[in-house]
**Q** 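Here it is, the structure, as structure tokens.
Source: prediction; values computed, not measured. FYI, side chains are in, hydrogens and waters are out, and symmetry mates aren't considered; it's all heavy atoms of this structure.
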Amino acid sequence: RQSGANGTPASDDDALSDAPLASNLEPPKPLVLRDCDGCDFVANMLCYYPWQYGSVQYYHRLMQCLLPHYGVVRKARQANGTRCFIGDKGVLLPFLNVLLGDEMPYRLIHKGEPCVKKLKVHAILDENLKNTKHNKRFVVYPRLPVTQQLQELQEDVDRYIMRGAASEGWIVLLSRRGEMRNFDAEGERMLVK
């Protein structure tokens, strides 16, 4: 653990902000949303999980939205031409902006663009999710398979974000205190051991 000012123990924020970054990591590119022109393959990346929009719902955007929907990215990578990804600018599009890399032509399109209604969708996680009752989505999303998607996501992070930078293999553990969905004390101790 690093020391803070005057030799005092560093806060968690200090430890994170002072961590060295690999020299070949690039800052993320700004999110640029496009129109629908020139789409040869359209991927619907809309997530219908109920808890995804609030700033405190980051976990759900990753686990219930990004991971299950990452199989749609695989289908888009296998297609030809310009791939267009329809999504929400506050949910999956910021992730895709850095994870899609630079090996395929693509466009990120916000779901609110008028042209979206006219597009023919070629890949979608599950057409039935939009019409699934709100409370049933809490049950459906956590049960979607994510093993292969997680592996593909990790490969894309290595390829397009790390770009060969050495990795310590660190794991970030997010732990909630109080309320529900906590690790019990012994479980958390074993995870960080």
Side-chain angles (χ1 to χ4, degrees), residues 16-17 19-126 129-130 141 144 146-167 170-172 174:
L16 292 174
S17 63
L21 293 175
S23 60
N24 57 346
L25 292 181
E26 300 171 10
K29 58 186 176 183
L31 178 61
V32 177
L33 301 175
R34 308 278 186 194
D35 60 23
C36 303
D37 290 342
C39 295
D40 297 307
F41 183 91
V42 178
N44 182 331
M45 297 294 289
L46 291 171
C47 179
Y48 297 104
Y49 187 76
W51 290 350
Q52 58 175 302
Y53 291 105
S55 61
V56 297
Q57 304 303 339
Y58 202 77
Y59 171 84
H60 295 292
R61 285 195 295 276
L62 289 171
M63 286 302 297
Q64 272 74 48
C65 293
L66 183 62
L67 275 177
H69 288 268
Y70 216 70
V72 176
V73 172
R74 177 183 349 105
K75 292 176 185 174
R77 287 195 191 285
Q78 295 167 348
N80 294 313
T82 300
R83 286 70 151 205
C84 293
F85 294 86
I86 302 167
D88 190 298
K89 63 184 175 186
V91 180
L92 293 185
L93 295 184
F95 293 114
L96 294 177
N97 190 48
V98 294
L99 290 168
L100 292 178
D102 49 14
E103 295 175 3
M104 69 174 175
Y106 69 88
R107 297 173 148 245
L108 301 177
I109 304 170
H110 181 62
K111 67 180 183 181
E113 285 292 321
C115 61
V116 166
K117 292 178 184 172
K118 298 176 186 171
L119 292 175
K120 177 185 177 213
V121 174
H122 299 94
I124 186 171
L125 176 64
D126 183 339
L129 286 171
K130 182 177 182 178
Y141 264 95
L144 292 170
V146 296
T147 304
Q148 184 175 356
Q149 292 91 323
L150 178 58
Q151 181 178 357
E152 292 166 353
L153 176 67
Q154 289 171 330
E155 289 168 1
D156 286 348
V157 166
D158 188 51
R159 184 179 308 123
Y160 301 118
I161 296 172
M162 297 303 293
R163 296 186 184 269
S167 172
W170 292 17
I171 297 173
V172 176
L174 301 176

**Q** Taking atom NZ of Lys120 and atom CZ of Phe41, what is their separation to the nearest 0.5 Å?
**A** 10.0 Å
**Q** State, with a plain yes or no, whether a side-chain heavy atom of Tyr160 is found less than 4.5 Å away from one of Val98.
**A** no
**Q** Quick one: does Leu99's side chain get under 4.5 Å of Val73's, heavy atoms only?
**A** no
**Q** Determine yes or no for a side-chain-to-main-chain donor-acceptor pair under 3.5 angstrom, with Arg74 supplying the side chain and Gln149 the backbone.
**A** no
**Q** Could you give the distance from CG (Asp126) to OH (Tyr48), rounded to the nearest 0.5 Å?
**A** 10.5 Å
**Q** Can you check whether Leu93 reaches Asp88 side chain to side chain, under 4.5 Å on heavy atoms?
**A** no
**Q** Given the rule in the side-chain contact (heavy atoms from CB on, under 4.5 Å) test, do Arg34 and Leu108 qualify, once you have shown the distances and angles that lead to the verdict?
**A** CA-CA 6 Å; Arg34 308 278 186 194; Leu108 301 177; 5.9 Å; no
**Q** Would you please test Leu67 and Leu62 for side-chain contact (heavy atoms from CB on, under 4.5 Å) and show each step?
**A** CA-CA 6 Å; Leu67 275 177; Leu62 289 171; over 6 Å; no
**Q** Quick one, Glu152 and Arg77 - any side-chain contact, counting heavy atoms below 4.5 Å?
**A** no
**Q** How long is the straight-line distance from CG of Leu92 back to CZ of Phe85, given to the nearest 0.5 Å?
**A** 11.0 Å
**Q** It should be assessed whether the SG atoms of Cys36 and Cys84 lie less than 2.5 angstrom apart.
**A** no
**Q** Contact between Lys89 and Leu33 at the side-chain level, heavy atoms closer than 4.5 Å - yes or no?
**A** yes
**Q** Any side-chain heavy atom of Met63 sitting closer than 4.5 Å to one from Tyr49?
**A** no
**Q** From Met45 CE over to Ile109 CD1, what is the distance, rounded to the nearest 0.5 angstrom?
**A** 13.0 Å
**Q** To the nearest 0.5 Å, how far apart are CG in Asn80 and CG in Asp40?
**A** 8.5 Å
**Q** I need the minimum non-hydrogen distance between Gln64 and Pro68, along with the two atoms involved.
**A** O-CG, 3.5 Å
**Q** Would you say that Cys39 contacts Thr82 through its side chain, given a criterion of any heavy-atom pair below 4.5 Å between the two side chains?
**A** no
**Q** Quick one: pull up CD1 in Ile86 and CD in Glu113 and give me the separation to the nearest 0.5 Å.
**A** 10.5 Å
**Q** With side chain to side chain contact (heavy atoms under 4.5 Å, CB included) as the test, pick out the partner of Asn44 among Leu129, Val72, Val121, Val116.
**A** Val121
**Q** Kindly say whether Gly81 contributes a backbone atom to a donor-acceptor pair with the side chain of Arg83 at under 3.5 angstrom?
**A** yes
**Q** Are side-chain heavy atoms of Arg61 and Leu66 found at a separation under 4.5 Å?
**A** no
